[in-house]
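Everything on this sheet refers to the single structure shown next.
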Protein chains: 2
Amino acid sequence: MLNQLAELDRLFHALADPARRAMVERLSRGPAPVTELARPLPMSLPAAMQHLGVLEAAGLVRSEKIGRVRTCAIEPKAFGLAEQWIAARRTEWELRLDRLGEYLHSLEEGERDGSGD
Amino acid sequence: MLNQLAELDRLFHALADPARRAMVERLSRGPAPVTELARPLPMSLPAAMQHLGVLEAAGLVRSEKIGRVRTCAIEPKAFGLAEQWIAARRTEWELRLDRLGEYLHSLEEGERDGSGD
DNA sequence: GGGTTACTTAGGCATATGCTTAACCAATTG
DNA sequence: CAATTGGTTAAGCATATGCCTAAGTAACCC
């Protein structure tokens with residue numbers, strides 16, 4: 001439970017970088033080796049590897065090395081936690097705004113039916 | 001369009017910190033002044049203000065100062081972009097996995113109806 | 001007007017991040 | 001087996017981050 005805080009940290013932090021999101025976008029269309037992920041990025045291969053490490057640490061990507069090629073793939077489940085956190089906030093404020101709306105509505109009703117002005 | 005990259009950066013980065021998420025969680029339940037947002041956090045008020053600045057820069061929170069009290073509120077629309085980005089990735093890989101499933105299914109069909117080993 | 005409250009600004013420090021180049025290792029390939 | 005390809009490790013540097021304390025400003029309260 002407490003560990004989920006750190007997990008959300010890693011998750012959102014991993015997605016907060018354009019190079020890493022580009023990797024995720026590429027991997028959403030299918031697995032790819034490290035070199036292919038790095039090629040379009042404006043940085044050296046070691047730099048790209050570090051980004052990949054961040055994505056793996058966040059659990060968003062897994063990889064397996066066969067021969068000298070490391071093939072990376074997306075880990076769909078990992079995105080759920082981030083989506084859930086946002087969705088939970090949304091339900092909170094929607095509930096609150098609903099209640100506020102009802103309250104305002106009840107005021108209007110009261111006004112119509114009670115004292116004028 | 002290009003600007004959305006930086007916007008996603010700011011959005012995910014803003015959510016990648018437990019203090020900032022705590023503020024968002026509090027604000028999801030209703031508006032609050034700066035001091036109330038800062039009180040539960042294990043840091044000084046100026047530090048908390050910086051976090052608040054990050055949330056505002058990301059568009060997740062807006063605030064208005066009346067008298068000497070700055071009241072903060074959540075900006076529900078801002079979360080949409082983050083959710084949309086994740087949802088877009090999800091559709092990509094689901095589409096792909098569907099196609100893969102169909103392909104594997106067609107292989108099975110072909111095997112059943114064609115040569116037996 | 002003097003004290004308190006609520007925030008704001010400024011300066012500074014310690015650590016973390018993001019990148020680089022250089023060197024290294026291990027699997028192919030001619 | 002030498003050269004190439006794909007990846008990895010190491011060292012180092014420049015900048016950004018996250019926090020602090022101290023000092024300042026502006027509204028409200030007696």
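Heavy atoms only: backbone and side chains are in, while hydrogens, waters and symmetry mates are out. Chain naming here is simple, since letters A, B, ... match the order of the sequence lines and numbering starts at 1 in each.
- The stretch residues 64-74 of chain A comes close to DNA chain C through A:G67, A:R68, each having a heavy atom under 4.0 Å from the strand.
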Exercise answer: donor-acceptor pairs, residues 52-62 of chain B side-chain atoms, under 3.5 Å, sequence neighbours excluded:
from  : atom 1 : to    : atom 2 : distance (Å)
B:E56 : OE1    : B:S63 : OG     : 3.4
B:E56 : OE2    : B:S63 : OG     : 3.0
B:R62 : NE     : B:E75 : OE1    : 3.4

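- The main-chain N or O of A:E92 is never found under 3.5 Å from a side-chain atom of B:R29 such that the two would form a donor-acceptor pair.
- By the rule that hydrophobic residues join a cluster once side-chain heavy atoms approach within less than 4.5 Å of another member, B:M49 and B:V69 end up as members of separate clusters.
- With B:R20 contributing its side chain and B:A14 its backbone, the two residues share a donor-acceptor pair below 3.5 Å.
- A distance-only check finds a donor-acceptor pair linking the side chain of B:R21 to the backbone of B:L15 [under 3.5 Å].
- One interatomic measurement links the two molecules: CG of A:L52 to P of D:dG6, which rounds to 16 Å at whole-angstrom precision.
- Computed from coordinates, the B:E36 CD to C:dT5 P distance equals 17 Å when rounded to whole Å.
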In B/S/- notation (B base, S sugar-phosphate only, - none; protein heavy atoms under 4.0 Å), nucleotides 14-25 of chain D written 5' to 3' is ----SBSBB---
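- Taking the side chain as every heavy atom from C-beta outward, A:E25 and B:R89 approach each other to under 4.5 Å.
- Across the protein-nucleic acid pair, A:L37 atom CG and D:dT8 atom P stand 12 Å apart, rounded to whole Å.
- There is no path of hydrophobic side-chain contacts, each under 4.5 Å, that joins B:L95 to B:W85.
- Salt bridge absent: A:R39 and A:E36 never bring a charged side-chain N and a carboxylate O closer than 4.0 Å.
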